[in-house]
Protein chains: 2
Amino acid sequence: MAAHYSIGIDYGTNSVRALIVDVATGREVGTKVCPYPSGTDGIFTDPKDHNVARQSPADWLFGLEKSVKGALALARRARGFRPELVIGIGVDTTGSTPLPVDANLKPLAFYPEFKRNRNALAWLWKDHSGADEAAAITAAARASRPHYLAKCGGTYSSEWFFSKIWHCLRADPKVFKAAHTWVEFADWIPAVLAGITNPADLKPGVCPAGHKAMYNDSWGGLPDKEFLGSLDPELGALRDRLYPKAYPADVVAGYLCEEWAAKLGLPKGLPIAVGAFDAHLGAVGSGVREGVLSKIIGTSTCDIMVAPRDAGIPDIPGVCGIVDGSVIPGCLGIEAGQSAVGDIFNWFVRVVCQGKGKLHEELTARARKLRPGQSGLLALDWNNGNRTILVDPRLTGLLMGQTLHTTREEIYRALIEATAYGARAIVDRIAEYGVAIDSIVCCGGIAEKNPMLMQIYADVLGRPMMISRSAQTCALGAAVFGAVVAGSAAGGHDSTGAAQKAMCGVKRTVYKPIEANRAVYDKLYGLYRKLHDSFGVAGHTEDLSAAMKELLKIKEGAA
Amino acid sequence: MAAHYSIGIDYGTNSVRALIVDVATGREVGTKVCPYPSGTDGIFTDPKDHNVARQSPADWLFGLEKSVKGALALARRARGFRPELVIGIGVDTTGSTPLPVDANLKPLAFYPEFKRNRNALAWLWKDHSGADEAAAITAAARASRPHYLAKCGGTYSSEWFFSKIWHCLRADPKVFKAAHTWVEFADWIPAVLAGITNPADLKPGVCPAGHKAMYNDSWGGLPDKEFLGSLDPELGALRDRLYPKAYPADVVAGYLCEEWAAKLGLPKGLPIAVGAFDAHLGAVGSGVREGVLSKIIGTSTCDIMVAPRDAGIPDIPGVCGIVDGSVIPGCLGIEAGQSAVGDIFNWFVRVVCQGKGKLHEELTARARKLRPGQSGLLALDWNNGNRTILVDPRLTGLLMGQTLHTTREEIYRALIEATAYGARAIVDRIAEYGVAIDSIVCCGGIAEKNPMLMQIYADVLGRPMMISRSAQTCALGAAVFGAVVAGSAAGGHDSTGAAQKAMCGVKRTVYKPIEANRAVYDKLYGLYRKLHDSFGVAGHTEDLSAAMKELLKIKEGAA
């Protein structure tokens with residue numbers, strides 16, 4: 001019997017990847033990455049405003065064709081592969097990355113009059129222009145719709161759907177007026193592949209909707225018109241042009257249209273899964289399940305867990321979102337994350353040390369020889385704000401304990417440790433609210449390349465750390481849903497769990513907590529939490545006068 | 001009439017300088033620096049213990065001959081100069097730098113059996129080995145002799161005389177036992193020049209005695225035998241072999257002996273002034289007087305003020321010392337200082353950035369373009385502890401406000417600003433206790449080379465900042481006392497004030513506070529003090545949760 005294949009298309013911050021996977025074994029027969037050709041690494045920034053980060057939908061389409069055709073070309077070399085054996089397509093993207101479009105779902109950016117307007121591009125997840133709007137949405141919801149916030153950690157973020165759209169309305173009303181509606185990146189790509197041009201035919205993902213747009217079936221979908229209208233009547237009016245219902249990724253968003261079938265060299269009519277976010281499908285690809293937290297460690301991190309619908313999980317303060325079906329259909333998906341992880345290490349290496357990429361390896365090699373606590377340093381991992389559990393973009397980095405002898409590698413290690421403490425704050429908070437975490441599966445280049453970081457995380461978190469078998473878990477997670485929308489009748493799978501079991505796994509190396517290290521890191525984490533709460537929690541007061549001395553004592557104990 | 005000349009000999013941390021000055025005009029006719037030949041830049045460290053910093057008395061003698069002969073060789077080229085026209089010698093050194101010696105004032109380090117023993121060397125001012133002993137001395141004095149501490153800021157430092165000697169007694173009793181007594185660097189050099197070998201003939205300086213050894217005429221000189229004996233009976237016994245009385249620098253310590261007169265090529269019998277510390281004589285050389293604070297900015301800083309004896313100046317908590325006659329005879333000398341200033345900038349440039357010296361200039365050029373507050377950063381200047389006003393060596397550095405966009409020059413400027421805030425904390429504290437500071441005269445290479453730093457200090461301190469005319473104020477201050485011990489009859493001066501008036505002055509450039517900058521720095525200083533008190537003052541609690549946001553607001557206001 002011939003094998004069957006699914007294609008996962010994974011849109012990251014700087015590039016898009018296509019992956020072709022055998023749905024019975026998880027064997028990856030072809031993969032191709034295409035960097036976005038425009039902007040700086042695919043991002044349009046504003047030298048005058050660090051908050052701005054935009055992306056071109058033209059880059060997405062360019063990358064779609066390049067990556068899928070490239071992956072197919074490689075797959076053709078694999079024994080037994082033929083494009084006709086592809087049975088489905090799944091898509092994940094960054095988000096919330098809303099795109100202003102016309103009534104035919106055509107991006108405003110494709111119109112000549114908006115060609116040079118950054119506001120007509122897609123508003124990339126890490127765009128923070130809407131900070132004021134986020135604060136106003138939070139305030140309004142707290143006053144009149146507290147349940148809206150309860151599912152997204154208690155604070156609406158500047159990175160999310162309505163903050164961005166409202167900011168566009170205020171900052172560039174011409175773009176807002178010209179847009180018929182706004183579509184999430186993750187919803188737009190499946191629509192393009194399926195040739196959908198009528199907004200009413202869109203099948204939006206519950207993952208973007210629930211995590212970033214306050215969507216919930218229990219209150220009738222998106223925030224109500226009155227609430228949005230109270231922010232601005234134009235937002236209220238937009239509500240009617242947004243979607244009434246959102247779907248998990250095991251639902252078919254549409255079928256591959258003739259135009260794209262021809263472009264890509266794939267059979268017309270292939271089922272395309274409803275889109276979801278990269279982190280959520282990365283979790284699926286790394287085998288997330290009850291008790292196993294999936295952590296994608298990249299420039300930032302995303303932590304994804306699932307819990308049974310009927311487990312009675314309460315709202316968890318400071319956790320980005322709890323959304324039914326956003327990860328595994330039928331389960332609650334829980335999302336948390338850190339605003340910067342690899343970005344902090346990169347900042348230190350590239351900006352402070354003005355080193356090249358290989359300095360990461362040099363510093364790691366030297367930092368690996370340090371014992372826990374030996375640096376005498378303690379850092380807060382807030383150089384890009386704090387996403388979980390404080391949900392506050394207006395927090396900044398902090399480093400303490402430096403002397404005249406503090407070395408580069410000690411700082412480097414302290415920054416890694418800071419991100420581990422940030423990770424522990426998340427796991428502790430979630431566990432406190434009844435979601436048990438027994439182990440952690442990581443994916444992302446840093447997890448694969450840096451055993452020191454993995455051991456520090458195991459020691460700080462007190463749990464075994466594993467690494468996803470696939471190096472491209474997001475694309476694999478998308479391919480899982482390509483196999484699920486195809487169904488067993490077409491050679492795919494009938495459930496996400498069955499598809500994960502067949503297609504996903506972890507590597508043999510497991511990083512287990514070392515007891516002696518844990519004891520030191522428990523003390524350091526105690527100090528981290530003192531700083532964390534002092535600088536991050538309004539009204540919190542603490543006697544910090546012993547903190548530097550305690551760090552010195554730990555340092556002397558380690559030496 | 002032929003001019004007359006005085007020689008100032010200034011022993012720094014890494015080198016010794018001799019300076020030959022016309023006592024009527026301050027004209028400098030010859031100067032020579034001799035780096036200490038041993039150790040690392042003249043310092044013997046212990047790779048296993050960052051607290052250790054020792055120095056070889058052989059280096060001091062080598063440097064004495066080299067520097068004086070070198071200065072004389074240069075002076076011979078000046079019109080009218082002849083060695084016979086030299087009328088006196090003054091000496092300053094680092095301190096507290098106690099040296100273990102035998103009953104003939106010969107250093108133990110000169111004995112073969114102690115040649116390789118670091119503990120038999122001089123214990124350099126920045127040696128912190130005696131931290132435990134300092135804490136025990138502080139505790140004992142608090143309990144039974146609170147008046148001892150009242151004159152030295154309330155805390156006895158690990159950098160001071162008895163902490164070091166007691167630590168030697170505990171850590172290396174063989175050295176302690178072999179030593180007949182311990183002599184301060186500043187007292188030993190005049191004794192060497194005068195050929196004094198009997199400890200009873202020593203004329204110890206009141207500057208080292210009063211500032212570092214709890215000496216005060218009002219309680220009979222050094223701490224009493226019972227008190228020292230309560231620390232350790234051996235320390236009590238040592239008390240009898242230390243000096244009964246100490247003297248200001250306008251007193252003759254002795255007269256140039258035949259041996260050294262021949263070695264140096266100077267007339268035998270020249271009067272040699274009682275020794276004092278470099279910072280105190282630097283203040284004299286920069287023209288310190290009532291209302292004018294002298295600030296020596298080097299690896300660390302020393303702030304020196306004087307006040308009339310009868311001004312009723314109370315004890316000032318956290319200020320290193322108030323000693324009658326330690327700066328200008330007949331006046332109270334007040335000493336404060338910061339444990340690290342240039343050292344912090346050097347640490348950042350050399351260790352963190354791994355740059356060479358010229359990176360200081362590059363970073364300064366870029367940092368100069370930043371407006372106050374624009375970096376969004378705030379640092380504590382405690383990488384080497386805090387000398388004034390917290391008197392706590394077990395404090396460490398802190399940097400906050402960093403984002404993913406924070407640049408090297410922003411950090412560099414923040415570190416400079418941190419030292420300015422530390423300087424302001426000192427001036428505010430002293431002013432609060434009735435010692436008015438109208439302006440500040442700086443000396444040291446950093447003050448001369450870095451106009452940005454001077455402007456930042458003027459803006460932060462809200463006072464005009466001047467620079468001493470001489471580039472070698474410590475040696476000049478020593479030469480002032482060479483002229484005073486010679487007296488007017490020999491062509492010198494009869495008072496320190498008269499000698500200063502003739503020999504010292506300031507440069508034309510004055511850095512005046514810029515009002516707009518002051519307003520921003522007042523806000524930043526407010527935040528600095530919140531951190532300063534939170535991390536530095538036991539029992540202090542503060543709500544710091546707005547601190548990062550306030551910094552961001554100031555940053556946005558500056559942009």
Side-chain angles (χ1 to χ4, degrees), chain A residues 48-50 126 299 339-340 343-344 346-348 350-355 376-380 382-385 390 392-408 410-411 531 533-549 551-553 555 559, chain B residues 48-50 126 299 339-340 343-344 346-348 350-355 376-380 382-385 390 392-408 410-411 531 533-549 551-553 555 559:
Chain A
K48 283 183 226 134
D49 183 357
H50 285 319
K126 65 174 168 175
T299 54
S339 317
D343 267 349
I344 298 181
N346 272 328
W347 164 75
F348 184 68
R350 295 188 178 271
V351 184
V352 180
C353 297
Q354 300 202 350
L377 297 173
L378 184 65
L380 290 175
W382 300 347
N383 291 42
N384 194 26
L390 297 169
D392 189 345
R394 288 180 71 80
L395 293 172
T396 54
L398 186 146
L399 177 70
M400 70 179 264
Q402 53 271 41
T403 69
L404 297 172
H405 304 285
T406 297
T407 63
R408 274 183 167 186
E410 286 173 334
I411 298 174
L531 292 185
D533 294 351
S534 294
F535 285 96
V537 178
H540 185 96
T541 61
E542 180 101 43
D543 183 353
L544 292 171
S545 62
M548 288 174 177
K549 293 172 178 68
L551 265 182
L552 284 172
K553 223 179 273 175
K555 177 183 180 171
Chain B
K48 281 183 226 134
D49 182 358
H50 286 316
K126 65 174 168 177
T299 52
S339 319
D343 267 349
I344 298 181
N346 272 328
W347 164 73
F348 183 68
R350 294 188 181 272
V351 184
V352 181
C353 297
Q354 301 202 350
L377 297 173
L378 185 65
L380 290 174
W382 299 348
N383 291 43
N384 195 26
L390 297 169
D392 189 345
R394 289 180 71 78
L395 293 172
T396 54
L398 184 146
L399 176 70
M400 70 179 263
Q402 53 270 41
T403 68
L404 297 172
H405 305 285
T406 297
T407 63
R408 274 181 166 186
E410 287 173 335
I411 298 174
L531 291 186
D533 295 351
S534 295
F535 286 97
V537 177
H540 184 96
T541 59
E542 179 101 44
D543 182 353
L544 293 171
S545 62
M548 288 174 177
K549 292 171 178 68
L551 265 182
L552 284 172
K553 225 180 270 176
K555 176 183 183 174

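So that the names make sense, note that chain A is the first sequence line, chain B the second, and so on, each numbered from 1.
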Distance (rounded to the nearest 0.5 Å) between D543(B) CG and F535(A) CZ: 10.5 Å
Any residue meeting side-chain contact (heavy atoms from CB on, under 4.5 Å) with R350(A), in chain and number order, not counting sequence neighbours: N346(A)
Region of I344(A) in contact with chain B, defined by heavy-atom distances below 4.5 Å: both
Residue E542(B) versus chain A: region with a heavy atom under 4.5 Å: backbone
K553(B) NZ: over 12 foreign heavy atoms closer than 6.0 Å: no
Residue selection (most heavy-atom pairs with chain A, distance under 4.5 Å) from T406(B), L395(B), N384(B): T406(B)
Heavy-atom contact with chain A under 4.5 Å, split by part of L390(B): neither
Partner chain B: residue of R408(A), M400(A), K48(A) with the largest heavy-atom pair count (under 4.5 Å): R408(A)
Part of A340(B) within contact of chain A (heavy atom distance under 4.5 Å): side chain
Region of V537(A) that comes under 4.5 Å of a non-hydrogen atom in chain B: backbone
Option in L544(A), D343(A), L380(A), T407(A) with maximal non-hydrogen atom pairs under 4.5 Å from chain B: L544(A)
Partner chain A: residue of G539(B), G536(B), A547(B) with the largest heavy-atom pair count (under 4.5 Å): G539(B)
Leading residue by heavy atom contact count with chain A [cutoff under 4.5 Å; candidates G401(B), G376(B), A538(B)]: G401(B)
Heavy-atom pairs under 4.5 Å with chain B, option from C353(A), G397(A), A379(A) with the top count: G397(A)
Contact origin within V351(B) toward chain A - heavy atom pairs under 4.5 Å: both
Reported CG-to-CG distance for the pair L377(B) and L398(A), which is rounded to 0.5 angstrom: 11.0 Å
Region of I411(B) that comes under 4.5 Å of a non-hydrogen atom in chain A: side chain
Most chain A-contacting option - heavy-atom pairs closer than 4.5 Å, from H540(B), Q402(B), H50(B), H405(B): Q402(B)
Distance-minimising heavy-atom pair for V352(B) and F348(A): CG1-CE1, 4.4 Å
Heavy-atom pair count under 4.5 Å with chain B, highest-scoring of D533(A), L551(A), L378(A), D392(A): D392(A)
Heavy-atom pair count under 4.5 Å with chain A, highest-scoring of L399(B), L552(B), L404(B): L404(B)
